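Structure first, commentary second.
All of these numbers come straight from a predicted model, not from anything done at the bench. Letters A, B, ... mirror the listed sequences (proteins, then strands); counts begin at 1.
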There are 2 protein chains.
Amino acid sequence: MDEKDMKILNILMREGRKPYTEIAKELRTSESSVRKRVRKMEEEGIIKGYNINIEPSKIGYNVVALTGFDTNPEDFLTVANKLCEFEEVKKVWTSTGDHMIMTEIWAKDGRELSNILFNKIGKIEGIKKVCPAIILEQLK
Amino acid sequence: MDEKDMKILNILMREGRKPYTEIAKELRTSESSVRKRVRKMEEEGIIKGYNINIEPSKIGYNVVALTGFDTNPEDFLTVANKLCEFEEVKKVWTSTGDHMIMTEIWAKDGRELSNILFNKIGKIEGIKKVCPAIILEQLK
DNA sequence: TTTGAAAATTGGCCTAA
DNA sequence: TTAGGCCAATTTTCAAA
């Protein structure tokens, strides 16, 4: 990890599909240099993968909620892993603070969110509290 | 948006740099079909962009915090926009629930997080409360 | 870093539904 | 009118020197 690697990461964070040749041009270096650095960062686990940024509302997911969960301490890991299995649960973090588990959940509408939270997920053994915060807008 | 578009999105969500030819092979369709569908979804704003997934700890960011902010109602938008300007603030959402603004903040260590939260950001006019929750692990 | 071959992307044009 | 097939030119990727 040097300055050049960092610059490559910064470019890829915004333009994840940019060709290595163009990145190379921007950094005034060769394509093979960029490509080999990227490969290395992939192998080292610095780059975990490549994603797309989707506008959820445009594919029918009109409600996105950051949802915190509290569990019995003994069920904590089981619950966290179960949450990962739901297709609607896009992200799962374990964290300190108000809630032991934080998630990002996509739903078609409020009715579906409610169904996911309180019927599908809420029934998982060990969950003590569900705290959804609906996202109004993603600014960054 | 039909079933095929959805399948393409699902593939790109996990493998954002996968060549169209390979996506086509996987869906048993042609490269031009995939390419034209992707272009269309880009133009329609369904696909907002392409990113990489970085392991923050591997590039020296050992502390990632989901941080909620509360503001005076009249300063709400100004604060939210100011937060976007910080390089360390990777994501900004406005939301309902416990906090009006939620963010994801990357820091080298606890000391730096503290500095960001209470010196740099905390000084923004209108912020009433700062609620950081440190991420222990991202499971999904 | 350079080089050359293989692969992928692109744009245009065409047909069919 | 729109999705997709096809082809040819260009660009990108990749591995070996």
Practice item. Select base, sugar-phosphate, or nothing to describe what K18(A) touches, counting heavy atoms under 4.0 Å on all strands. Key: nothing

Per atom distances to the S32(B) side chain, the nearest of dT13(D), dC6(D), dT9(C) is dC6(D)

So E31(A), base contact, sugar-phosphate only, or nothing? Heavy-atom distance under 4.0 Å.
base

- prompt: Would a 4.5 Å heavy-atom cut-off, applied to side chains only, mark E125(A) and V79(A) as touching?
  reply: no

Task: Min side-chain heavy-atom separation F69(A)-K129(A) under 4.5 Å - done: no

Among dG4(D), dT9(C), dT10(C), the one nearest any side-chain atom of R39(B) is dT10(C)

Ignoring hydrogens and geometry beyond distance, is the side chain of K36(A) in donor-acceptor contact with the base of dT1(C) at under 3.5 Å?
yes

To the nearest angstrom, the CG-P distance between D5(B) and dT2(D) comes to 14 Å

Next on the checklist: Distance alone, cut at 3.5 Å: any donor-acceptor contact between the side chains of Y61(B) and E112(B)?
Outcome noted: no

CG of L77(A) to CG of L139(B), rounded to nearest 0.5 Å, is 7.5 Å

When rounded to whole Å, the NZ to C1' distance for the pair K25(A) and dT1(C) reads 18 Å

K40(B) atom NZ is separated from dT1(D) atom C1', nearest whole Å, by 11 Å

When rounded to whole Å, the CD to P distance for the pair E26(A) and dT12(D) reads 13 Å

- Message: With a cut-off of less than 4.0 Å, is there a side-chain N or O of T21(A) near OP1 or OP2 of dT11(D)?
- Response: no

Check your understanding: Using a cut-off of less than 4.0 Å, is there contact between a side-chain N or O of R37(B) and OP1 or OP2 of dG4(D)?
Key -> yes

Result for 5'-nearest mapping on DNA chain D, choosing between K4(B) and R35(A), is K4(B)

* Residue-phosphate contact under 4.0 Å: S30(A) side-chain N/O, dT1(C) OP1/OP2 -> yes

E3(B) atom CD is separated from dA3(D) atom P, nearest whole Å, by 16 Å

Rounded to whole Å, CG of L27(B) lies from P of dA3(D) at a distance of 17 Å

Winner on side-chain proximity to S33(B), out of dG4(D), dT9(C), dT13(D), is dG4(D)

Residues T94(B) and A80(B): closest non-hydrogen pair is CG2-CB, 4.5 Å

note: Y20(A), atom OH; dA8(C), atom P; distance rounded to Å ~ 13 Å

To the nearest angstrom, the CD1-C1' distance between I23(B) and dG4(D) comes to 16 Å

